[in-house]
Amino acid sequence: MWVATVPPPAGPVPMIFTARPNPKLVCQYLTKPKSFRFGAFGIRLRLNNHKVSAVKKQLPELETQKPDSEKLRVGQEKGEGFDLGWLPAFPHVFIAFMSNFLFGYHIGVMNGPIVSIARELGFEGNSILEGLVVSIFIVGAFLGSVGCGFIVDKLGCRRTFQIATIPLILGALISAQAHSLDEVILGRFLVGLGIGVNTVLVPIYISEIAPTKYRGSLGTLCQIGTCLGIISSLFLGIPSESDPHWWRTMLYIASIPGFILALGMQFAVDSPRWLCKVGRLNDAKAVIKNVWGASEVEKAIEEFQSVIKNDGSDLDSSWLELLKEPNSRVAFIGGSLFVLQQFAGINGVLYFSSLTFQDVGITNSALASLLIGVTNFAGALCALYLIDKQGRLKLLIGSYLGMAVSMFLVVCAISFPLDEQLSDNLSILGTVM
């Protein structure tokens with residue numbers, strides 16, 4: 001028989017164990033509902049409605065003390081409360097999220113004010129120069145993304161993030177103070193360099209910091225950050241329709257997230273895989289223990305060391321192997337998804353939607369552009385909720401079907417002689433979708 005008695009709260013709680021527990025044993029005691037942990041065994045005794053019920057099953061296996069990050073997952077495993085296993089990794093992911101916020105902000109920051117910028121700097125009506133000012137940061141992003149890998153391998157994710165904020169902050173300030181076309185182009189190009197590094201680095205950092213179970217959900221914060229950045233810039237661009245100099249304020253604001261990112265990364269953790277790669281095993285174990293849980297330490301270290309050990313086994317491989325089976329099918333599908341997404345026209349919509357809406361006669365083009373940003377954000381929230389439940393394939397198929405329907409609506413509005421108001425509504429609906 002197993003008898004559990006509870007003395008007054010001031011003293012310790014004794015336990016007497018015998019061979020078999022009695023599942024019907026119930027002790028009456030007048031206290032508020034509480035849950036106690038006895039000793040190093042991790043056995044819980046719950047007092048609920050002034051009753052102490054003995055556990056009906058056999059005693060669980062002895063377990064060692066868990067850190068706080070692992071305790072957060074106990075509730076969900078036992079059916080108690082919410083699943084908070086993602087919480088230890090979230091502050092570090094959120095800091096990296098600021099990079100994507102900046103990316104989205106710089107996508108939309110020229111959407112509305114480009115007319116004011118062109119008028120003030122003397123290239124109004126020149127669509128080529130307007131397009132150059134808007135899109136030059138993509139050229140910088142390409143160069144930044146190409147050179148990112150070497151820096152990350154040498155310095156790790158944290159320091160690379162901080163280095164990338166230098167061109168982000170300088171570029172924003174140079175653009176805000178520009179008095180010529182060359183200055184604003186230079187500022188936008190510098191911004192692009194930092195954006196290129198971050199767009200490569202953020203998904204890597206999040207995937208290596210987030211626990212496997214929550215990697216998909218936390219990974220969607222990349223897109224959510226981009227969407228929130230777009231919405232913020234489009235919202236702040238509304239006054240630019242009445243204030244011809246408001247664009248300078250918007251570009252000054254763009255430097256603030258850069259400072260937050262540089263400071264926040266000083267307190268973030270580094271990638272445990274990189275720490276293991278450079279020989280800092282103790283630091284890697286500490287990060288894994290605090291972010292993933294103590295039970296994951298040895299398993300993760302073994303996997304990292306196995307991958308690092310085999311890194312040199314593929315030195316004889318070449319890019320041409322991507323054209324051979326079984327790699328060719330995966331490479332073709334993955335590459336096609338990226339290419340087709342760009343050719344769907346979303347970049348043109350996000351960069352020039354205000355000008356497009358003005359051309360079709362919409363008076364408040366800034367608000368119409370903001371609607372596109374909000375819709376984009378809603379789609380990212382749906383992905384956050386569904387990605388770990390429905391999987392990537394279903395979301396990809398559904399999203400591309402939605403893009404096809406939206407483009408069909410736009411084509412119908414342009415090609416067929418419908419009522420003018422109906423055509424405008426179809427164009428707006430297709431663009432928003």
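Just so you know, these numbers use all the heavy atoms, side chains as well, and skip hydrogens, waters and symmetry mates.
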Engineer: Give the minimum heavy-atom separation between Ser255 and Ile169, together with the two atoms involved.
Structural biologist: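 Where Ser255 meets Ile169 most closely, the heavy atoms are O-CG1, 4.1 Å.
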Engineer: Do Glu183 side-chain atoms and His179 backbone N/O form a donor-acceptor pair below 3.5 Å?
Structural biologist: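 Checked: pair present.
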Engineer: How close do Ala284 and Ile301 get, heavy atom to heavy atom, and via which atoms?
Structural biologist: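 Heavy-atom minimum between the residues: CB-CD1, 4.1 Å.
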Engineer: Please report the interatomic distance CD1(Ile204) to OG1(Thr199), rounded to the nearest 0.5 Å.
Structural biologist: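 Atom-to-atom, Ile204:CD1 and Thr199:OG1 are 10.0 Å apart.
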Engineer: Kindly say whether Val134 contributes a backbone atom to a donor-acceptor pair with the side chain of Arg188 at under 3.5 angstrom?
Structural biologist: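 A pair under 3.5 Å: yes.
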Engineer: Can you label the angle between the Phe161 ring and the Tyr205 ring as parallel, tilted or perpendicular, going by 30° and 60°?
Structural biologist: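 Aromatic pair Phe161/Tyr205 classed perpendicular.
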Engineer: Is the backbone N or O of Leu371 less than 3.5 Å from a side-chain atom of Thr375, with the two atoms forming a donor-acceptor pair by type?
Structural biologist: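 Present.
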Engineer: Report yes or no: do Glu208 and Trp274 form a side-chain donor-acceptor pair below 3.5 Å?
Structural biologist: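 No, no side-chain donor-acceptor contact under 3.5 Å.
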Engineer: Roughly how far, to the nearest 0.5 Å, is OG of Ser233 from CE of Met250?
Structural biologist: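 Answer rounded to 0.5 Å: 6.0 Å.
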Engineer: At their closest point, which heavy atom of Asn198 faces which heavy atom of Pro203, and how far apart are they?
Structural biologist: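 Nearest heavy atoms, Asn198 then Pro203: O-CD, 4.3 Å.
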Engineer: Which pair of heavy atoms, one from Leu370 and one from Ile231, lies closest together, and at what distance?
Structural biologist: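 Between these two residues, the closest heavy atoms are CD1-O, 3.7 Å.
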Engineer: Would you check if the side chain of Arg119 reaches a backbone N or O of Glu124 as a donor-acceptor pair within less than 3.5 Å?
Structural biologist: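 Not a single qualifying donor-acceptor pair exists.
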Engineer: Checking Arg273 against Phe304: charged group under 6.0 Å from the ring centre and within 45 degrees of the axis?
Structural biologist: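 Cation-pi check for Arg273 and Phe304: fails.
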